[in-house]
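Working notes, structure below.
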Amino acid sequence: MRAAIYTRVSTTMQAEEGFSLEAQEDILMQTIERKGLELYRIYSDPGVSGKTFKRKGVQEMIKDMKARRFEALLIHKLDRLSRNMGDIIAFIETVNKLDIRLIIAAQGQDEIDTRSPMGKAFLQLNGIWAELYINNLREETIKGLEKKVRSGGRHMSRPPLGYQFAEVES
């Protein structure tokens with residue numbers, strides 16, 4: 001059975017200086033070996049947010065999945081795939097329709113079967129937590145920026161194109 005791997009990290013710094021992509025790939029390759037699968041391809045989105053599916057790696061993966069170039073997909077955790085509940089539900093429906101095995105390696109030795117009621121519930125609950133994380137991150141970032149501005153700091157590191165920062169006298 002041919003298997004594809006998908007990995008992702010959210011920031012450029014994680015992609016360039018971190019080991020998370022390599023660690024995800026190592027764990028997923030071990031899972032492929034343990035299950036006796038054949039690696040088809042590794043898809044990746046280094047340094048790209050998981051809030052939408054508008055990512056090159058995930059789009060190529062979906063295209064190949066629909067072309068039936070592989071029969072199993074391995075991801076490290078559900079939030080590596082997406083942090084958007086709507087995307088997750090649509091993706092699971094596609095996976096089920098195409099009869100693709102979705103293996104989430106970070107869940108231990110047990111494979112999550114998205115076709116079973118318990119597997120669907122597990123994925124939906126994890127999807128809710130992933131979406132909550134991204135929404136909470138947005139709120140916390142805005143709070144921090146507002147506090148910075150109120151304290152006299154700049155909310156941006158550089159001015160928008162065509163503008164310059166004006167020095168403000170205190």
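What you see is a predicted model; the values in this text were computed from it and never measured. When a residue number appears, it is its place in the shown sequence, counting from 1.
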* In sequence, state the C-alpha distance, the side-chain angles, and the governing distance for M65 and V95, and then conclude on side chain to side chain contact (heavy atoms under 4.5 Å, CB included). => CA-CA 8 Å; M65 186 172 66; V95 163; 4.0 Å; yes
* Tell me, with the steps shown, if L28 and Y6 meet side chain to side chain contact (heavy atoms under 4.5 Å, CB included). => CA-CA 9 Å; L28 297 171; Y6 178 76; over 6 Å; no
Can you tell me how far [atom2] of [Y] sits from [atom1] of [X], rounded to the nearest 0.5 angstrom?
| X | Y | atom1 | atom2 | result |
| --- | --- | --- | --- | --- |
| L81 | L102 | CG | CG | 7.5 Å |
| D26 | T31 | CG | OG1 | 10.5 Å |
| L78 | F91 | CG | CZ | 9.5 Å |
| I5 | T7 | CD1 | OG1 | 8.0 Å |
| S49 | K54 | OG | NZ | 12.5 Å |
| Q59 | D45 | CD | CG | 9.0 Å |

* **Verdict with supporting geometry, R2 and E38, salt bridge (Lys or Arg N to Asp or Glu O under 4.0 Å)** => CA-CA 5 Å; R2 291 169 303 181; E38 173 192 340; 6.0 Å; no
* Under 3.5 Å donor-acceptor, R69 side chain and K63 backbone ->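 Answer holds: no.
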* Please work out which of the three classes, parallel, tilted or perpendicular, describes the rings of F70 and Y43, given edges at 30° and 60°. =>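 Y43 vs F70 ring planes: tilted.
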* Answer whether the closest heavy-atom distance between the side chains of M61 and F53 falls below 4.5 Å. =>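 Answer no - side chains too far apart.
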* Check the hydrophobic clustering (I, L, V, M, F, W, Y; side-chain heavy atoms under 4.5 Å; chains of links allowed) and say if I27 and L39 are grouped together. =>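 Different clusters: I27 never reaches L39 through Ile, Leu, Val, Met, Phe, Trp or Tyr contacts under 4.5 Å.
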* To do: List in chain and number order the residues that pass salt bridge (Lys or Arg N to Asp or Glu O under 4.0 Å) with R41, two or more places apart in sequence or in another chain; answer none if no residue qualifies.
  =>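 Salt bridge (Lys or Arg N to Asp or Glu O under 4.0 Å) check on R41 returns E60, D64.
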* To do: Any chance you could lay out the side chain to side chain contact (heavy atoms under 4.5 Å, CB included) test for V48 and K56, step after step, and finish with the verdict?
  => CA-CA 10 Å; V48 184; K56 183 181 178 196; over 6 Å; no
* To do: With sequence neighbours excluded, tell me which residues meet side-chain contact (heavy atoms from CB on, under 4.5 Å) with A3.
  =>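 Applying side-chain contact (heavy atoms from CB on, under 4.5 Å) to A3 gives I32, L37, A72, L74.
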* Kindly write out the residues that satisfy side-chain contact (heavy atoms from CB on, under 4.5 Å) with E25, not counting sequence neighbours, or none if the list is empty. =>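 In terms of side-chain contact (heavy atoms from CB on, under 4.5 Å), with neighbours along the sequence ignored, E25 is linked to M29, I42.
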